[in-house]
Asks: 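This structure is in structure tokens; I'll ask about it shortly.
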Amino acid sequence: MLFFCQLFFRFGKHTTTTSQGKPRFLYTFFTNDFILPSFYGNFAALIRPMLQVQEIRNAFDDISSRLAKRGKRFDQELNDVVALDDKRKHTQTELDSLLASLNAISKEIGDCFKAGKRDEAEALKAKTVEIKEQTKQLESELREAIDALTDALTQIPNAPHDSVPTGKTPEENEIILSHGSEPSLTTNKPHWELCEQYDLIDFELGVKVTGAGFPVYKGKGARLQRALINFFLDEGLKQGYNEIQPPIFINEASGFGTGQLPDKEGQMYHMTVDNLFAIPTAEVPLTNLYRDVIVNKDDFPIKNMGYTPCFRREAGSYGKDVRGLNRLHQFDKVEIIQITHPDESYKTLEEMSLYVQSLLQKLGLHYRVLRLCGGDMGFTSALTYDMEVYSAAQEKWLEVSSVSCFETFQSNRLKLRFKNDDGKMQYAHTLNGSALALPRIVAALLENNQTDSGIEMPEVLRPYLGFDRID
RNA sequence: GGAGAAGUGGCAGAGUGGUCGAAUGCACUUGUCUUGAAAACAAGCGAGGGUCACACCUCCGGGGGUUCGAAUCCCUCCUUCUCCGCCA
């Protein structure tokens, strides 16, 4: 934890803005040494990770009760934050006044020299010695105070939306709708058997080349992948999403921006030689395009999407859940993100949920939508809908998409802001969702459409596929 | 990988030890003028902390140092650009 705190502290001041919402890329963040920077230069970045201190102070009870939806109370943590922020303020005020007097004396000395009063100047110089000692002391105190505050703040997850059900486990998620019905099948093989039977995906070969969880797609299996990616991108285009091809490796700063670091560092593949991480989702680069950006409020909503392979170490998972396509180290996904005005974000979340559902409907899949309970939601989310498709052969629901609203939780770290109608800087809201992740869609398509003589492909995919069925 | 050059406000671009948070231009906002627009003119216009509001404090790529005082001097790191090499 300490390690990553130090990393986090090395955010610099890199304000920039955009015209027409186009981000600028600034990569002057980190150095290879581990010395903490001067607190002042980085103050803004330091004091504003995750939940906003100001928000905690202003709406303590509200945030407290929202956090309780996660099945645990955070009052102690919240109180700590306020107390640590008080300490920070006191220390800083003290230091500031000391610096003010130092500045005043320096100016006086300058004036004395100009007026030729050498002796007077020397006398004043002597006065600064003691003050400088004191500032050094206070500087280190302030540094410690900020350190402690940031540490406390990063322990607190996002405050769930009012509509989020209280709960700790997936059983407490709320099923808000179900669409379609279970297919009636004459044959009922799991997808890994179908993949072998029709030579679509070779898991063994992947093991040989790389390792478990890195499948090799072959023939119509590979073409199905390509068709789905194109289908998803074309549909997104129709919805007004701007297509982006981001890098699939990211630096540390990006990992912090979207909250993968420091929490999920073990989940990412890390290339230590160059200190880069393979992205676990396109969310990371797509959202980080807007790090340190002041967007024009007229550009809301900003809608971007990107197809990328995703890489996840999935350390610690094993057993039946990882069979076949259910859990992979490398998989493909089209991700959609939006950046909105705070007033619009929940309306946007519904819109994104409907869009993802429309994809599932076009693919003819039986699905349901869950509103995740507080305890099952990600650390950074305020409200998450999960879409699950039914796998007839495995007789279970598979999560294929997750759409979330983060409110200001990410933008706070990213320093993604806009100037509101009052001319004040305000954090934008960020949202994202998968639209969609391929593997489980492929699994469901294969299993739910199997017949004795082959696998029928959905109508919408046929133009992309160039074939109607797999046999 | 080797050799050079450079990193200042939304952009361009001055500024080499003290009235510099930073000239000037562009962009932007508001006002005057105009039927309207343009042009012209006038004013405003970086971010963060702090305050009821001021005051005040911090930030000129990051970090460290010299100095009473640093955008300006020194060290170091990072990044970008140009040339060479290698290569899809």
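Labels below follow one simple rule: chain letters A, B, ... track the order of the sequence lines, proteins then strands, and each chain is numbered from 1.
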Asks: Once ring pair (Phe, Tyr, Trp, His ring centres under 6.0 Å) is applied, do any residues pair with A:His90, and if so which ones, sequence neighbours excluded?
Replies: none
Asks: When the side chains of residues 116-133 of chain A are checked against the rest of the protein, which donor-acceptor pairs come out under 3.5 Å, sequence neighbours left out?
Replies:
| from | atom 1 | to | atom 2 | distance (Å) |
| --- | --- | --- | --- | --- |
| A:Thr128 | OG1 | A:Lys125 | O | 2.6 |

Asks: Would you say a side-chain N or O of A:Lys419 is under 4.0 Å from OP1 or OP2 of B:A47?
Replies: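 Affirmative; the distance criterion is met.
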Asks: Can you sort out the partners of A:Tyr198 under side chain to side chain donor-acceptor pair (under 3.5 Å), two or more places apart, ordered by chain and number?
Replies: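 Result, side chain to side chain donor-acceptor pair (under 3.5 Å) vs A:Tyr198: none returned.
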Asks: Report the residues that fulfil ring pair (Phe, Tyr, Trp, His ring centres under 6.0 Å) with A:Phe203, sequence neighbours left out, ordered by chain and then residue number.
Replies: none
Asks: Give a yes or no on this: more than 12 heavy atoms of other residues, nucleotides or ligands lie within 6.0 Å of atom CD of A:Glu196.
Replies: no
Asks: Report, one pair per line, the protein and nucleotides 15-20 of chain B atoms (nitrogen or oxygen only) whose separation is under 3.5 Å.
Replies:
| from | atom 1 | to | atom 2 | distance (Å) |
| --- | --- | --- | --- | --- |
| B:G18 | N2 | A:Ser106 | O | 2.7 |

Asks: Rounded to the Å, how far apart are A:Lys424 NZ and B:U29 P?
Replies: 20 Å
Asks: Is A:Asn103 close enough to B:U58 that one of its side-chain N or O atoms is under 4.0 Å from OP1 or OP2 there?
Replies: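 Yes, such a contact exists.
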Asks: Only Watson-Crick and G-U wobble pairs, only distances under 3.5 Å, only runs of 3 or more: what stems does that leave for RNA chain B?
Replies: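 Stems found: B:1-7 with B:78-84, B:10-12 with B:24-26, B:28-32 with B:40-44, B:46-49 with B:56-59, B:61-65 with B:73-77.
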Asks: Could you note down all residue pairs passing ring-ring contact (aromatic ring centres under 6.0 Å, His included) where residues 334-354 of chain A supplies at least one of them, sequence neighbours left out?
Replies: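 Found A:His161-A:Tyr346, A:His341-A:Phe418.
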Asks: Pick the nucleotide of RNA chain B nearest each of A:Ser97 and A:Thr128; which residue has the one closer to the 5' end?
Replies: A:Ser97
Asks: A:Ile146 CD1 to B:U58 P: how many Å, rounded?
Replies: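 About 14 Å, once rounded to whole Å.
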Asks: Starting at atom CG of A:Leu414, determine the distance to atom P of B:G48, rounded to an integer number of angstrom.
Replies: 16 Å
Asks: Assess, by modelled atom type and distance only, whether the side chains of A:Asn158 and A:Ser381 contain a donor and an acceptor separated by less than 3.5 Å.
Replies: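 No pair is found: no donor N or O on one side chain lies under 3.5 Å from an acceptor on the other.
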Asks: Would you please confirm or rule out a distance under 4.0 Å between OP1 or OP2 of B:G50 and any side-chain N or O of A:Arg88?
Replies: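 Yes, A:Arg88 has a side-chain N/O under 4.0 Å of OP1/OP2 on B:G50.
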Asks: In whole angstrom, what separates A:Glu122's CD from B:C68's C1'?
Replies: 9 Å
Asks: Roughly, in whole Å, what's the span from CG in A:Leu98 to C1' in B:C68?
Replies: 14 Å
Asks: Applying side chain to side chain donor-acceptor pair (under 3.5 Å) as the test, list every pair that has at least one member in residues 98-111 of chain A; sequence neighbours left out.
Replies: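 Those involving residues 98-111 of chain A do not exist here.
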Asks: Considering just the side-chain nitrogens and oxygens of A:Lys132, establish if one lies under 4.0 Å of OP1 or OP2 belonging to B:G69.
Replies: yes
Asks: Let me know the distance between CG of A:Asp292 and P of B:U79, rounded to the nearest Å.
Replies: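 Computing the A:Asp292:CG to B:U79:P distance gives 17 Å.
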Asks: Which atom pairs, one a donor and one an acceptor, fall under 3.5 Å between side chains of residues 213-220 of chain A and the rest of the protein, sequence neighbours left out?
Replies:
| from | atom 1 | to | atom 2 | distance (Å) |
| --- | --- | --- | --- | --- |
| A:Lys218 | NZ | A:Asp199 | OD1 | 3.1 |
| A:Lys218 | NZ | A:Asp202 | OD2 | 3.4 |
| A:Lys220 | NZ | A:Arg469 | O | 3.2 |

Asks: Mapping A:Met425 and A:Ala100 to their closest nucleotides on RNA chain B, which lands nearer the 5' end?
Replies: A:Met425
Asks: Looking at the side chain of A:Lys89, which of B:G50, B:U58, B:G49 is the nearest nucleotide?
Replies: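 The nucleotide sitting nearest to the side chain is B:G50.
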